[in-house]
Amino acid sequence: MNIIITKNYDQMSSEAYNIVKELLIKKNNAVLGLATGSTPKGLYKNMIDDYKKGAVSYKNVCTYNLDEYVGLGKGDKQSYREFMRAYLFNHIDIDLNNTHLPSGKGDLQKACDDYNKKLEAEKIDIQILGIGANGHIAFNEPGTSFDSVTHIVNLTPKTIRDNARFFDKLSDVPTQAITMGIANIMKAKKIVLMASGENKANAVYNAIKGEITTSCPASILRTHSDVTYILDEQAASKLKLGESK
Ligand code: PGA
């Protein structure tokens, strides 16, 4: 496992972009696994800025997002589909038909099965991940089996509170989501987990130094053959690994 510690969020984002760019240059039809939330916004800004400079193209790139809220989707401002459009897809030359998220509406079990089928047929080149303050990856909350595939999940009160900042009020936050499972995530060729801020320090410590246990879903990533953690100093503050970039 590689650990990159950066001074701050911006440097974390550009380190992550360096890895993505290297892939895009080598493989113009790369398959990217993408995440939502505060953590990857800076990476997406780097992707957009470099695209605008003409350095990279997303014409043949295909993306798979980790999750979607149940009840929200296309046209709903707080859906992850709209998040991705606002922070990335609308600003690059990607074909929206090549961007995939689970459907949070309609027959939910069918939505899980359909997404899972797509993921089985693909090989994600780089999976981008954030980490929850409770160690979750995507919406795989503590206790989720490491063998899990795409499934419906009841969000924990903590995750609902953490995500309330994206909504007008707490009661607007959906209580369920559809998420890639941990087994889907582990299938990616390369995993890049980013974390920023002191509120992630415990989760990062448990993920990297703690026991490998379903109590900290991110701890399983250590068994992946190509995982890079990009952490700002605050997120890495419990690790004491040495100098930062
Ligand atoms: P955040 O969420 O990027 O908004 O901190 C990360 C996560 O919960 O996985």
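No experiment lies behind these values; they were computed from the predicted model shown.
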In terms of heavy-atom contacts, Arg161 and Leu170 come closest through CA-CD1, 4.0 Å
Asp50 side chain to Tyr17 side chain, donor-acceptor N/O pair below 3.5 angstrom = yes
**Message:** Just so I know, are the side chains of Val204 and Leu239 near enough to count as touching, which here means a heavy-atom distance under 4.5 Å?
**Reply:** yes
With sequence neighbours left out, the residues meeting salt bridge (charged side-chain N to carboxylate O under 4.0 Å, His left out) with Lys189 are Asp125
| message | Just so I know, are the side chains of Tyr229 and Asn2 near enough to count as touching, which here means a heavy-atom distance under 4.5 Å? | response | no
For Tyr9, the side chain to side chain donor-acceptor pair (under 3.5 Å) test, sequence neighbours excluded, returns none
Working for side chain to side chain contact (heavy atoms under 4.5 Å, CB included), residues Asn98 and Val61: CA-CA 7 Å; Asn98 291 339; Val61 167; over 6 Å; no
Stepwise side chain to side chain contact (heavy atoms under 4.5 Å, CB included) check, Ile128 with Thr39 = CA-CA 10 Å; Ile128 301 296; Thr39 309; over 6 Å; no
field: Chi angles and distances behind the side chain to side chain contact (heavy atoms under 4.5 Å, CB included) call for Met84, Thr99
entry: CA-CA 9 Å; Met84 290 311 300; Thr99 65; over 6 Å; no
Across all chains, not counting sequence neighbours, the salt bridge (charged side-chain N to carboxylate O under 4.0 Å, His left out) partners of Lys110 are Asp114
Is there a donor-acceptor pair under 3.5 Å between the side chain of Asp67 and the backbone N or O of Ala177?
-> no
Using atom types as modelled and distance alone, determine if a side-chain donor or acceptor of Lys200 lies under 3.5 Å from a backbone N or O of Ile131. yes
Is atom NZ of Lys118 surrounded by more than 12 heavy atoms (other residues, nucleotides or ligands) closer than 6.0 Å?
yes
On a heavy-atom basis, the closest approach of Glu141 and Thr144 is O-OG1, 2.5 Å
query = Going by an N to O cut-off under 4.0 Å, is there a salt bridge joining Lys52 and Asp49?
reply = no
### Task
Give a yes or no on whether the ring-centroid distance for Phe167 and Tyr69 is below 6.0 angstrom.
yes
Check your understanding: So, Glu233 versus Asn8: side-chain donor-acceptor pair below 3.5 Å or not?
Key -> no
Any Lys/Arg nitrogen of Lys7 or Asp232 sitting under 4.0 Å from an Asp/Glu carboxylate oxygen of the other?
no
- Query: Distance only, no hydrogens: is a donor on one side chain within 3.5 Å (strictly under) of an acceptor on the other, for Asp93 and Ser57?
  - Reply: yes
Open item on the list: Within the 4.5 Å heavy-atom criterion, are Glu68 and Ser79 side-chain neighbours or not?
Closed with: yes
* Asked: Does Asn28 reach the main-chain N or O of Leu24 with its side chain, forming a donor-acceptor pair under 3.5 Å?
  -> no
Between Ser148 and Ser145: side-chain donor-acceptor atoms closer than 3.5 Å: no
message = Parallel, tilted or perpendicular, judged at 30° and 60°: which one describes the rings of Tyr87 and Phe83?
response = tilted
- request: Return yes if a side-chain donor-acceptor contact under 3.5 Å exists between Asp113 and Gln109, otherwise no.
  value: yes
Flag, side chain of Lys187 to backbone of Leu119, donor-acceptor distance under 3.5 Å: yes
- Do Lys158 and Asp162 meet the salt-bridge criterion of a basic N to acidic O distance under 4.0 Å? yes
- Counting only N and O atoms by type, is there a donor-acceptor contact under 3.5 Å from the side chain of Thr213 to the main-chain atoms of Cys216? no
Report task. Taking atom types as modelled, find out whether Tyr64 and Asn184 have a side-chain donor-acceptor pair closer than 3.5 angstrom. Result -> no
- Ion pair check, Lys105 and Asp76, cut-off under 4.0 Å: yes
Exercise for review: Using modelled atom types only, decide if a donor and an acceptor are shared between the side chain of Arg222 and the backbone of Ala207 within a distance under 3.5 Å.
Suggested key: yes
Exercise for the section: Indicate whether any N or O donor in one side chain lies under 3.5 Å from an N or O acceptor in the other, for Arg165 and Ser38. Expected result: yes
Pro217 side chain reached by Ile182 side chain, heavy atoms, under 4.5 Å:
yes
Less than 4.5 Å apart, side chain to side chain, heavy atoms only: is that true for Ile178 and Val153?
no
Q: Keeping the roles fixed (side chain from Gln127, backbone from Ala188), state whether a donor-acceptor pair exists under 3.5 Å.
A: no
What one should report as the nearest heavy-atom pair of His136 and Asn134 is N-OD1, 3.0 Å
